[in-house]
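Because the structure is a prediction, the values reported are computed rather than measured.
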Amino acid sequence: MSFFGFGPAAELDVSLSDAESRRRVEHKTEDGKKEKYFLFYDGETVSGRVTVTLRNPGKRLEHQGLKVEFIGQIELYYDRGNHHEFVSLVKDLARPGEISQSQSFDFEFTHVEKPYESYTGQNVKLRYFLRATLSRRLNDVGKEMDIVVHTLSTYPELNSSIKMEVGIEDCLHIEFEYNKSKYHLKDVIVGKIYFLLVRIKIKHMEIDIIKRETTGTGPNVYHENDTIAKYEIMDGAPVRGESIPIRLFLAGYELTPTMRDINKKFSVRYYLNLVLIDEEERRYFKQQEVVLWRKGDVVRKSMSHQAAIASQRFEGTSHAETRPQYTGAAAVEQEHE
């Protein structure tokens with residue numbers, strides 16, 4: 001507000017130079033809603049224009065300078081007063097002086113480092129934004145514009161299958177196997193569960209995807225678990241020697257890449273939680289961490305095709321060390337995973 005309460009003498013607007021062609025993606029806001037933002041990747045240039053519009057055209061406006069900043073920051077909700085900036089770039093657009101009519105100023109931040117993915121969680125928010133500021137003696141005029149950053153990964157060189165056992169002595173012995181330990185966000189989890197010994201009456205079995213957000217350090221560490229998905233494997237009693245296949249499509253769930261020790265402020269990890277419930281409502285579970293990663297957009301194949309290829313691979317590698325070679329469409333899918 002101005003000194004006399006009539007509102008700011010000018011308004012600022014920030015626009016991107018490639019706004020018409022740049023992709024926009026949905027991103028969750030702090031209040032849980034989804035909004036669309038312009039998408040950027042690490043190393044991309046951020047350029048645009050700051051427009052100063054005078055509320056009273058023809059009347060001179062004194063100012064102490066106009067600048068635009070590109071900022072990447074982490075905000076911990078339990079420490080809202082402190083914003084931890086990991087990227088901070090500034091461009092001066094106008095020196096102190098007077099503006100007599102509405103004006104536009106171009107800016108460009110070339111090949112900007114954006115090391116982390118945008119994230120809005122239960123206790124933490126990582127955001128990137130442009131902030132334009134017109135400095136004045138009594139009150140500055142400002143405008144912010146948020147963008148979203150996605151971090152892309154390449155196909156992991158080592159991606160071994162997961163094999164584990166769950167057992168209660170003389171009562172239950174189960175082996176379960178997942179085809180990989182690292183999955184991209186549109187991947188298919190393919191697996192098998194073998195019942196080697198069943199002497200308790202199991203009535204229900206499911207796999208949960210659990211997201212664990214960890215914030216803070218030392219004595220001020222907070223863990224927040226969120227069940228992202230529940231996948232029912234079986235409803236009814238299994239028998240000894242039975243084998244149950246698992247096929248879980250990740251594309252339908254709200255997932256982010258695994259984030260480890262981001263700027264020494266927070267982590268986001270994912271776990272597959274195998275849950276068994278017996279007729280007396282007792283719960284048995286086994287948890288296994290998996291790594292999620294984001295890959296670049298490629299020509300999309302149908303989900304059934306992805307699942308078929310994943311299943312072929314898993315069937316072919318569950319009892320052999322060598323990985324099968326594919327030709328044609330399967331080879332393309334293998335190359336881009």
Side-chain angles (χ1 to χ4, degrees), residues 1-25 27 29-31 33 35-77 79-116 118-120 125-149 263:
M1 298 296 286
S2 71
F3 186 74
F4 294 105
F6 295 113
E11 291 182 353
L12 299 184
D13 184 61
V14 181
S15 59
L16 297 176
S17 55
D18 58 355
E20 290 187 4
S21 59
R22 182 163 290 277
R23 183 183 166 198
R24 299 174 70 178
V25 294
H27 187 73
T29 60
E30 200 174 319
D31 58 7
K33 297 178 181 177
E35 294 185 8
K36 283 199 168 185
Y37 299 92
F38 289 106
L39 174 63
F40 283 84
Y41 298 100
D42 182 27
E44 279 194 301
T45 293
V46 182
S47 62
R49 176 174 293 178
V50 175
T51 302
V52 182
T53 304
L54 299 184
R55 295 287 295 272
N56 299 306
K59 185 177 179 181
R60 292 181 179 275
L61 175 70
E62 288 188 14
H63 66 90
Q64 275 68 54
L66 174 66
K67 68 179 179 180
V68 63
E69 301 165 89
F70 181 84
I71 296 172
Q73 73 178 24
I74 296 171
E75 178 184 349
L76 299 166
Y77 295 161
D79 187 22
R80 284 186 179 272
N82 293 321
H83 294 159
H84 307 278
E85 295 185 358
F86 54 88
V87 176
S88 181
L89 304 172
V90 184
K91 296 275 185 185
D92 290 316
L93 302 181
R95 295 179 178 179
E98 293 183 342
I99 297 176
S100 58
Q101 60 183 8
S102 298
Q103 261 180 283
S104 292
F105 303 85
D106 293 333
F107 65 87
E108 183 177 77
F109 296 100
T110 56
H111 308 304
V112 183
E113 182 184 1
K114 311 174 198 73
Y116 311 123
S118 299
Y119 177 74
T120 303
K125 176 169 65 177
L126 188 153
R127 65 186 282 241
Y128 294 86
F129 60 97
L130 290 161
R131 179 167 62 201
T133 306
L134 184 69
S135 299
R136 303 197 66 210
R137 286 183 179 176
L138 294 178
N139 55 313
D140 293 345
V141 181
K143 179 73 173 180
E144 291 184 358
M145 175 187 178
D146 279 76
I147 66 168
V148 163
V149 170
N263 207 44

Please enumerate all residues that pass ring pair (Phe, Tyr, Trp, His ring centres under 6.0 Å) together with Phe38, with sequence neighbours excluded. none
Closest heavy-atom pair and its distance - Glu108, Lys91: O-CE, 2.9 Å
In this structure, is the centre-to-centre distance between the rings of Phe40 and Tyr128 below 6.0 Å? no
Looking only at heavy atoms, the pair that brings Ala10 and Leu61 closest together is CB-CD2, 3.7 Å
Could you tell me which residues satisfy side-chain hydrogen bond (donor to acceptor under 3.5 Å, both in side chains) with Asn56, sequence neighbours excluded, listed by chain and number? none
Val90 to Lys67 - nearest heavy-atom pair and separation: CG1-CD, 4.2 Å
Student check: side-chain heavy atoms of Asp13 and Thr53 closer than 4.5 Å: no
Side chain to side chain contact (heavy atoms under 4.5 Å, CB included) assessment of Thr120 paired with His27: CA-CA 8 Å; Thr120 303; His27 187 73; 3.3 Å; yes
Does any N or O in the side chain of Ser47 come within less than 3.5 Å of the main-chain N or O of Ser17, such that one atom is a donor and the other an acceptor? no
Any chance CZ of Arg60 has more than 12 other-residue heavy atoms, nucleotides or ligands included, within less than 6.0 Å? no
Can any side-chain N or O of Ser135 pair as donor or acceptor with the backbone N or O of Asp140 at less than 3.5 Å? no
Under the ring pair (Phe, Tyr, Trp, His ring centres under 6.0 Å) rule, collect the residues that match up with Phe105, sequence neighbours excluded. none
For Val14 and Val50 the tightest heavy-atom approach is CG2-CG2, 4.4 Å
Measuring from atom CG of Asn82 to atom CD of Gln73, what distance do you get when rounded to the nearest 0.5 angstrom? 11.0 Å
List in chain and number order the residues that pass side-chain hydrogen bond (donor to acceptor under 3.5 Å, both in side chains) with Thr51, two or more places apart in sequence or in another chain; answer none if no residue qualifies. Ser104
Shortest non-hydrogen contact from Val112 to Asp42? O-OD1, 3.8 Å
Let me see the working for Phe129 and Ile71 under side chain to side chain contact (heavy atoms under 4.5 Å, CB included), right down to the final yes or no. CA-CA 6 Å; Phe129 60 97; Ile71 296 172; 3.8 Å; yes
Going by salt bridge (Lys or Arg N to Asp or Glu O under 4.0 Å), name the residues that satisfy it together with Asp18, two or more places apart in sequence or in a different chain. Arg22
Treating Lys114 as the side-chain partner and Tyr41 as the backbone partner, does any N or O pair qualify as donor plus acceptor under 3.5 Å? yes
Tell me, do Val52 and Leu12 make a side-chain contact under 4.5 Å, heavy atoms counted? yes
Test ring pair (Phe, Tyr, Trp, His ring centres under 6.0 Å) applied to Tyr119 - qualifying residues, sequence neighbours left out: Phe266
At their closest point, which heavy atom of His84 faces which heavy atom of Asp79, and how far apart are they? NE2-OD2, 4.1 Å
CD on Glu35 to CZ on Arg24, rounded to 0.5 Å: 9.5 Å
Applying ring pair (Phe, Tyr, Trp, His ring centres under 6.0 Å), can you list everything that pairs with Phe107, at least two apart in sequence or on another chain? Phe109
Measure the spacing between CD1 of Ile74 and CG of Leu126 and express it to the nearest 0.5 Å. 4.5 Å
NZ of Lys59 to CD of Glu98, rounded to nearest 0.5 Å, is 12.0 Å
Considering residues at least two apart in sequence or located in another chain, which fulfil the side-chain hydrogen bond (donor to acceptor under 3.5 Å, both in side chains) criterion with Glu20? none
Listed partners of Ser88 passing side chain to side chain contact (heavy atoms under 4.5 Å, CB included), at least two apart: Glu85
Validation row: Phe70, Ile147 side chains within 4.5 angstrom (heavy atoms): yes
To the nearest 0.5 Å, what is the distance between CG on Leu89 and CD on Glu69? 9.5 Å
Counterpart residues, side-chain hydrogen bond (donor to acceptor under 3.5 Å, both in side chains), relative to Ser100 (two or more places apart): none
For the pair Thr133 (side chain) and Gly142 (backbone), establish whether a donor and an acceptor sit closer than 3.5 Å, ignoring hydrogens and angles. no
Can you name the residues that form a salt bridge (Lys or Arg N to Asp or Glu O under 4.0 Å) with Arg49, not counting sequence neighbours? Asp106
Residues that Glu144 engages under salt bridge (Lys or Arg N to Asp or Glu O under 4.0 Å), provided they are two or more places apart: Arg127, Arg131
Would you confirm whether Gln64, through its side chain, and Arg137, through its main-chain N or O, come within 3.5 Å as a donor-acceptor pair? yes
